[in-house]
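Step one of this worksheet: look at the structure below.
Residue numbers start from 1 in every chain, and the chains themselves are labelled A, B, ... in the order their sequence lines are given, proteins ahead of strands.
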Protein chains: 2
Amino acid sequence: MGQVNIKELAAKLGLSTSTVSRAFRNNSDINPSTKERILRVAEELGYSPNIYASSLRDSKSKTIAVIIPEFGNNFFSQALKGIEQQARSNGYHTLIYVTEDDVQQEAVHIRSMCNGRVEGVIMSASGEGLNHIHLNLLKEHQVPLVFFDRFYEDVEATIVTGDDYKSSYKATKHLITSGCKRIVYLVINKHISIGKTRMQGYTDALNDAGIALDEALIIECTNNREEIYNILKQAFSTLKPDGVFAAVERLAMSALRLCNDQGIAIPQDLKLVCFSCSDIADLLNPALSTVRQPAYEMGFRAAGVLFDALKKQQTFTPKHIVLLSSELIVRTSSRS
Amino acid sequence: MGQVNIKELAAKLGLSTSTVSRAFRNNSDINPSTKERILRVAEELGYSPNIYASSLRDSKSKTIAVIIPEFGNNFFSQALKGIEQQARSNGYHTLIYVTEDDVQQEAVHIRSMCNGRVEGVIMSASGEGLNHIHLNLLKEHQVPLVFFDRFYEDVEATIVTGDDYKSSYKATKHLITSGCKRIVYLVINKHISIGKTRMQGYTDALNDAGIALDEALIIECTNNREEIYNILKQAFSTLKPDGVFAAVERLAMSALRLCNDQGIAIPQDLKLVCFSCSDIADLLNPALSTVRQPAYEMGFRAAGVLFDALKKQQTFTPKHIVLLSSELIVRTSSRS
DNA sequence: TTGTAAGCGTTATCAG
DNA sequence: CTGATAACGCTTACAA
């Protein structure tokens, strides 16, 4: 690095390193004019304190990490936006890690965070509810953790998530009252936290309406667009559903595409509702009924919880769940 | 931090700190069995080398920074995905900074990167082409920089961007040959790099078709959905356009919404084409013609350039432009 | 193959 | 208000 360091700067100024150091802190006793002179020359020389030395000195990194399962969908980018904004206004730096839905990756990332790199972690879980000893590392290293959206139930940490059960129940009930009898549930993985919770809302709504649960109507998909399409094509042709409740946006989009291709009329032949953070659901053909999660707010709040803990010097966040309510927005795709 | 350090670990093992340190490096001379024993006990005690101490020692942070103007749109999340993936496979950490289209913020972020925090920067510019002395800081501190999408022409760095001029020309020409006579150009800011380049394609296409440029048809919008809507409403009612070319997705979506609301038939009354990375353009009402930028690839390539430079120990990236071609996908919204 | 020791750039403490 | 000094935890010559 073509870096000037504090020693050189001090030498050039005819001062000690301590005095120079003080110029960069706000609380220290220092002659205002000395301070000003130091800052001016520092500016000229392009000096600023090496953060690794500082961090090493007082084990503060002013950095948080965000771990998410995937990237490039509306939900996570909006949540991330909320987190980043919160971090920025708290003067923190934000490291971002993607797991691609792989718990192994998650573990790798977590491990890389236990050497003081970050002061706290915000994450949306990738795994299934078992196998997360890797999170104990954070506890051991006293790095506070906050979950958002997807979480591990047995890990002690604050959770900020949506009222998925309730909204799923509501969405399913809405389909039922709109006349649907054979409602399929589309999900990536019915065992992970959100897939599971949302399914529970679905099954309970069916149950309460006196509709027997047909396991065949629960369709597990993948993350790949072509695969999803083919799975749905196959499933729709054999199952003849008249309603679709999709746990994630991507699945609903493929369903929509399939219906358009196959001439299945929405909402006449089939009604469709899904979880989605898309801001153009109203422009789709037909306009899509959605359960809209407050993604931005979720990120913002989760980060807020973390920074509160950090301010209080807490080494963990209390086991506590913050439920943000989602909104069921009925549009053409599920009108009766 | 409840951190074990190398000294304690060494003591517990009856070894010196150097030997322990060697166990964590791959190249050093060390007895394999000693190494194994060290690693095992380290695991037990939850030890891993403090990265700030390491970074301080050999001024390597294994971290890059990404600076983007905004968050939560398809383009940047996909680009980010490409960058993150590249970083991950190179064993680097990724810091993310958002400027909210504010050059001041950009400067603040840049400044915070010149103390060794990062080894390189990938950024999409927020400013207008002047006023970027703040980037000299990176050069002074020998931190290599790569631009993607939006750049500053006078800054020496590699640029990875789309062939915006060509695609804009093509898109506009397509509208013209589809019969449009009064094509409006929607843009957030016609002076910044992409807004400007895309406008050039638009004006040249008009020109080559013998259509006189009408400045009134260039409509500058904001970033706010309601404001955009109102601006367009006003503009459309007075200008009566029969074609729309939007420099960014968001503007086209508002145009679409407006037309839907006002009963302006697309493509009969008005044809619409826009830059967009949406993967559901085909599902819109009507299916939207788009210029699709290779966002993911752009991020991936930009990061690739940076890591190449890093591997070669270069302190800068050469002034050089990589143009990735966009694809004009004609759908219903602009069919004649 | 292992140990010793210097030093990376800062800052808190203490003394002046 | 300013200066000297030790320490943060690690790595790498160099010595053994």
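When the nucleotides C/dG9, C/dG3, D/dA4 are ranked by their closest atom to the side chain of A/Ser16, D/dA4 comes out on top. Among the nucleotides C/dT10, D/dT2, C/dC8, the one closest to the side chain of B/Leu56 is C/dC8. Proximity note for A/Asn31 (side chain, C-beta onward) versus D/dC1, C/dT1, D/dT12: the nearest is D/dC1.
Between A/Asn5 and the phosphate of C/dG9, there is a side-chain N or O to OP1/OP2 separation shorter than 4.0 Å. Dashed line: the shortest gap from a side-chain N or O of B/Ser54 to OP1 or OP2 of D/dC10 is not under 4.0 Å. Considering only side-chain N and O atoms, B/Tyr52 lies nowhere under 4.0 angstrom from the phosphate OP1 or OP2 of D/dA7.
Between the P atom of C/dC8 and the CD1 atom of B/Ile6 lies a distance of 19 Å, rounded to the nearest Å. Rounded to an integer number of Å, the gap from CG of A/Leu15 to P of C/dT10 is 15 Å. Following rounding to the nearest Å, A/Leu45 (CG) and C/dG9 (P) show an atom-to-atom distance of 15 Å. As rounded to whole Å, 14 Å separates atom C1' of C/dT13 from atom CG of A/Asp58. In this structure, A/His141 atom NE2 and D/dG9 atom P are separated by 14 Å, rounded to whole Å. Atom NZ in B/Lys7 sits roughly 10 Å away from atom P in D/dC10 (whole-Å rounding). Atom C1' of nucleotide C/dG9 and atom CZ of A/Arg25 are separated by 12 Å, given to the nearest angstrom. Counting to the nearest Å, the C1' atom of C/dC8 and the CZ atom of B/Arg117 are 18 Å from each other.
Looking only at distances, no side-chain donor or acceptor of A/Tyr97 sits under 3.5 Å from a matching main-chain atom of A/Gln105. The main-chain N or O of A/Val108 is never found under 3.5 Å from a side-chain atom of A/His134 such that the two would form a donor-acceptor pair.
Partners of B/Ala302 under the side-chain contact (heavy atoms from CB on, under 4.5 Å) rule, at least two apart in sequence or in another chain, are B/Ile122, B/Val146, B/Phe148, B/Val160. By the side-chain contact (heavy atoms from CB on, under 4.5 Å) test, B/Asp149 is found to be paired with B/Phe75, B/Phe76, B/Ser124, B/Thr161, B/Ile194, B/Arg198, B/Gln293, B/Met298, residues two or more places apart in sequence or in another chain being considered. Residues passing the side-chain hydrogen bond (donor to acceptor under 3.5 Å, both in side chains) test with A/Asn31 are A/Ser33, sequence neighbours excluded. Residues satisfying the side-chain hydrogen bond (donor to acceptor under 3.5 Å, both in side chains) criterion with A/Tyr47, sequence neighbours excluded, are absent altogether. Considering only residues two or more places apart in sequence or on other chains, A/Ser54 meets the side-chain contact (heavy atoms from CB on, under 4.5 Å) condition with A/Pro49. Taking A/Lys311 as the reference, A/Asn90 meet the side-chain hydrogen bond (donor to acceptor under 3.5 Å, both in side chains) condition, with sequence neighbours excluded. The side-chain hydrogen bond (donor to acceptor under 3.5 Å, both in side chains) check on B/Thr94 picks up nothing, with sequence neighbours excluded.
Among the protein residues, B/Phe24 comes within range of no part of the nucleic acid, since none of its heavy atoms lies under 4.0 Å from any strand. Counting any heavy atom pair closer than 4.0 Å across all strands shown, B/Ile51 reaches no nucleic acid atom. A/Thr34 comes within 4.0 angstrom of sugar-phosphate atoms only, judged by non-hydrogen atoms across all strands, and of no base.
The pair B/Glu100-A/Arg88 counts as a salt bridge, with a side-chain nitrogen and a carboxylate oxygen less than 4.0 angstrom apart.
Note that the two end axes of the helix from C/dT1-D/dA16 to C/dG16-D/dC1 enclose an angle of 40°, each drawn from 5 base pairs, rounded to 10 degrees.
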Between the protein and nucleotides 5-7 of chain C, which nitrogen or oxygen pairs come in under 3.5 angstrom?
| from | atom 1 | to | atom 2 | distance (Å) |
| --- | --- | --- | --- | --- |
| C/dG7 | N2 | B/Arg57 | NH1 | 3.1 |

Distances for protein N/O vs nucleotides 14-16 of chain D N/O pairs under 3.5 angstrom?
none

Can you give me every donor-acceptor pair (side chain of residues 315-323 of chain B, partner residue at least two apart or in another chain, under 3.5 Å) with its distance?
| from | atom 1 | to | atom 2 | distance (Å) |
| --- | --- | --- | --- | --- |
| B/Thr317 | OG1 | B/Leu145 | O | 2.6 |
| B/Thr317 | OG1 | B/Thr158 | N | 2.8 |
| B/Thr317 | OG1 | B/Thr158 | OG1 | 3.4 |
| B/Lys319 | NZ | B/Glu153 | O | 2.7 |
| B/Lys319 | NZ | B/Val155 | O | 3.3 |

Side-chain donor/acceptor pairs under 3.5 Å, residues 34-41 of chain A, sequence neighbours excluded:
none

